[in-house]
Every structure is written in C-alpha cells, then in structure tokens.
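No hydrogens, no waters, no symmetry mates; every other heavy atom, side chains included, goes into these values. So that the names make sense, note that chain A is the first sequence line, chain B the second, and so on, each numbered from 1.
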Number of protein chains: 2
Amino acid sequence: MDKKALFHKFVSFTTSVHEVTHALTQDVKADSVTSVQYKILENVKVSQPVTPTEISDCMHMSMPNTSRELKKLYEQNLIEKISDKEDRRKQHIRLSKDGEIMMDEAFAAIEVRFQKLIENISEEDLKEINHALDVLQNKVFTR
Amino acid sequence: MDKKALFHKFVSFTTSVHEVTHALTQDVKADSVTSVQYKILENVKVSQPVTPTEISDCMHMSMPNTSRELKKLYEQNLIEKISDKEDRRKQHIRLSKDGEIMMDEAFAAIEVRFQKLIENISEEDLKEINHALDVLQNKVFTR
DNA sequence: CCCATTACTTATCATTTGATAAGCAAATCA
DNA sequence: TGATTTGCTTATCAAATGATAAGTAATGGG
C-alpha cells in the first residue's frame, strides 16, 4: 500500500467531509446563538450531562471563555447547570426544555438534508457506505 | 437499511473526522498568519491558480473580506497575484516561493502525524481503509 | 456609445473570539 | 490545620472575523 498516496486521498477526503458537513449544517442554527455557542449546544446535546471542564477540553477552548459562553447560554435559558452532590465545585450541564427544542429542530433540519443526499442511493450501495463508515470509524477515526 | 440509524452513524463519524483533523493540523500554521489566512493558503496550495472569486465562493466568505485577507497574504509575500491576459479584471492567485515553503512544511508536518496514526495498521486493513475512502468519497462526499 | 454587469478593492463598523490575570470556594493532601 | 490543587467565575483587552456601503476599472450587450 502506497502510504503517500493514501495520505493525499485522506486529505481530499477530509476536505470533502468538511464541505458536505458545511452544506448540511449551514443556517440550521438560530440567530440568537453564535457559532461557538451552537457548537457547545451540539456537544451538550450529544453527551449530556457534561461538565464545563469537559466542554473546555473537547472544544479546545479555555475555561474562562467556556464559562462566559455557558453563562450566555444559561441566560438564554438554553441550558441548565446542576451542581454535583458529592463535589460541589463541579457542575453538570444539560439542555433545558428550550435548548432541547432548539437542538431537536436543528438536528431534524440536518437529517432532512442528509436523507435527501442519500435518497437516490441503492440499497446495495447504502450497505457498502454503512460498512465503509464502520471501517473508517474503527480503524482511523478512533477516539 | 435503516436510514435513521445511518444518519446517526454519519453524525458521529463526521464528528470524529473533525476531531482527528484538528489533532493532525493543530499548531502546523505559522504564527504570522491567522486561521482564516491559513485556510486560504491551503485552498490556494491545492488548487492553484485560483481567482479571488473562487476562494470567496468555496471558503464561504464575502468578497471584501477575501480581498482584505489576500492583501495581507500578499504583503507577507506568501502569494502572487497575476492578472488575466484576456480579462484584466480577473486575477490568478498562486503561492509565492515563500508561500510554497510555508505550505510544504505544514503539509509535511501533517503527513508525519498521519503516518504515525496509521503506522501500526496491517497491510490488509490499509487496503480496506483505502477502499472505504473511495466508497465514501464517490458515493456520499461527492462534490 | 451607453448601460448594466462583473471582478475586485477600500473603508468602516459591530461582533465574536481568544488570551490573560485575578479571584473564590470546595476538595485534597501532607 | 494549613498549604496546594481543582473547578469554575469575573473582568478586561486585543485581535480576528463578518457585514455593509461605496467605489474603480474592465467587460459585454444592445
């Protein structure tokens, strides 16, 4: 296997993934939140409950900035902060009712576009795609 | 094929791709350029020569902002502007000598990390990965 | 030739984002 | 118990980014 060639293929693949992701997600976020705030909400949605430290780590942003953005989301009633019973320094962040609604709508919009993207793909090809996703997820994009 | 399940798999896949991409590319850009400027340079590197309008379109940024950033890159001697012989309104952007050096270094650093990422993968698995990349690129992430 | 369009530039402004210093309270550890 | 560490907050500043208005020069169509 030519690893150099594989690298180039990998680069153009990731570029394509970024482009398609952009196409699927553009304009789904409400105007009341910024891009970074939306990203945080996505993160919370997927892995709630989550601590500010975890958000900070996995979004690659400093604690002060994370704290600031969480505060803004809290003030918009999009998230809830629950303090840990055992360690009262810790907090657990969840989406509020409003936050859930907002993110459900966003994901629904994304899914509509995704389904449209694959609507004309044969059952056979879908199985191949499904398998390809598994392969790459498990062997390259393991986290 | 359960298309709903496929969507969820797709979402977590793209998340992983973004994370791995971040890990591979973090800190490769020189301090003298901003993130957006680096992205522009990547774009130019891959598809030079390129017009400002093309950059603007494919990076999803306005012409005025594109123009501003290109000017800064030009002032840093990282790109060249060549005006079109036939249509003198048009420009063709290329990396300058310095720009080429900068981007070659960046890509080399990324490649080192990529090769490290796959160094312990068997020949067999690499072939599978290679095929999976082709499948997804051609059937889902076509652009 | 005139007018509309295209390709790009300049200028300006608001907003977002990133970085840093300093602080506080709870927890841990010696 | 006192010192240190952890988890998070507040405040502040600089820089990057996004958006808009206005302008120039070249092109092209009628």
Nearest-nucleotide pick for Thr53(B), side chain only, options being dA7(C), dT10(C), dT5(D): dA7(C)
Does dG7(D) have OP1 or OP2 sitting under 4.0 Å from an N or O in the side chain of Ser67(A)? no
Is Glu100(A) salt-bridged to Arg94(A), cutoff N-O under 4.0 Å? no
So what does Glu69(B) hit on the nucleic acid, given a heavy-atom distance under 4.0 Å: a base, only sugar-phosphate, or nothing? nothing
Tell me what Gln37(B) touches on the nucleic acid: a base, only sugar-phosphate, or nothing, going by heavy atoms under 4.0 Å. nothing
If you assign each of Arg89(B) and Val36(A) to its closest nucleotide in DNA chain C, which residue comes earlier from the 5' end? Arg89(B)
Salt bridge or not for Glu75(B) and Lys72(B), using N-O below 4.0 Å? no
Is the shortest side-chain N/O distance from Gln91(B) to OP1 or OP2 of dT9(C) below 4.0 Å? yes
When rounded to the nearest 0.5 Å, the distance separating CD of Glu111(A) from CG of Asp104(A) is 11.0 Å
Nearest-nucleotide 5' precedence on DNA chain C, Ser62(A) against Lys85(A): Ser62(A)
Closest of dT27(D), dT20(D), dA19(D) to the Arg68(B) side chain is dA19(D)
Take atom CG of Leu70(B) and atom C1' of dT17(D), then tell me their distance rounded to the nearest Å. 15 Å
For Glu54(A), which contact category applies under a 4.0 Å heavy-atom criterion: base, sugar-phosphate, or nothing? nothing
Against the side chain of Pro64(B), the closest entry in dA11(C), dA26(D), dC8(C) is dA11(C)
Mind checking Lys81(B) for me? I need base, sugar-phosphate or nothing, with any heavy atom below 4.0 Å counting as a touch. sugar-phosphate
Kindly compute the distance separating CG (Leu70(A)) from CG (Asn65(A)), expressed to the nearest 0.5 Å. 11.0 Å
Do any side-chain nitrogens or oxygens of Thr34(A) fall under 4.0 Å of OP1 or OP2 in dT17(C)? yes
Assess whether a salt bridge exists between Glu119(A) and Lys3(B), defined as any Lys/Arg side-chain N lying under 4.0 Å from an Asp/Glu carboxylate O. no
How would you label the contact of Asn65(B) with the nucleic acid (heavy atoms, under 4.0 Å): base, sugar-phosphate, or nothing? base
Between dG18(D), dT17(C), dC8(C), spot the one nearest the side chain of Lys72(A), thanks. dT17(C)
Kindly express the pairing pattern of DNA chain D in dot-bracket notation, using | wherever a base pairs with another strand and counting only Watson-Crick or G-U pairs under 3.5 Å. ||||||||||||||||||||||||||||||
How would you label the contact of Thr66(A) with the nucleic acid (heavy atoms, under 4.0 Å): base, sugar-phosphate, or nothing? nothing
So if I apply the side chain to side chain donor-acceptor pair (under 3.5 Å) rule between Asp87(A) and each of Lys85(A), Gln91(A), Arg89(A), which one comes out positive? Arg89(A)
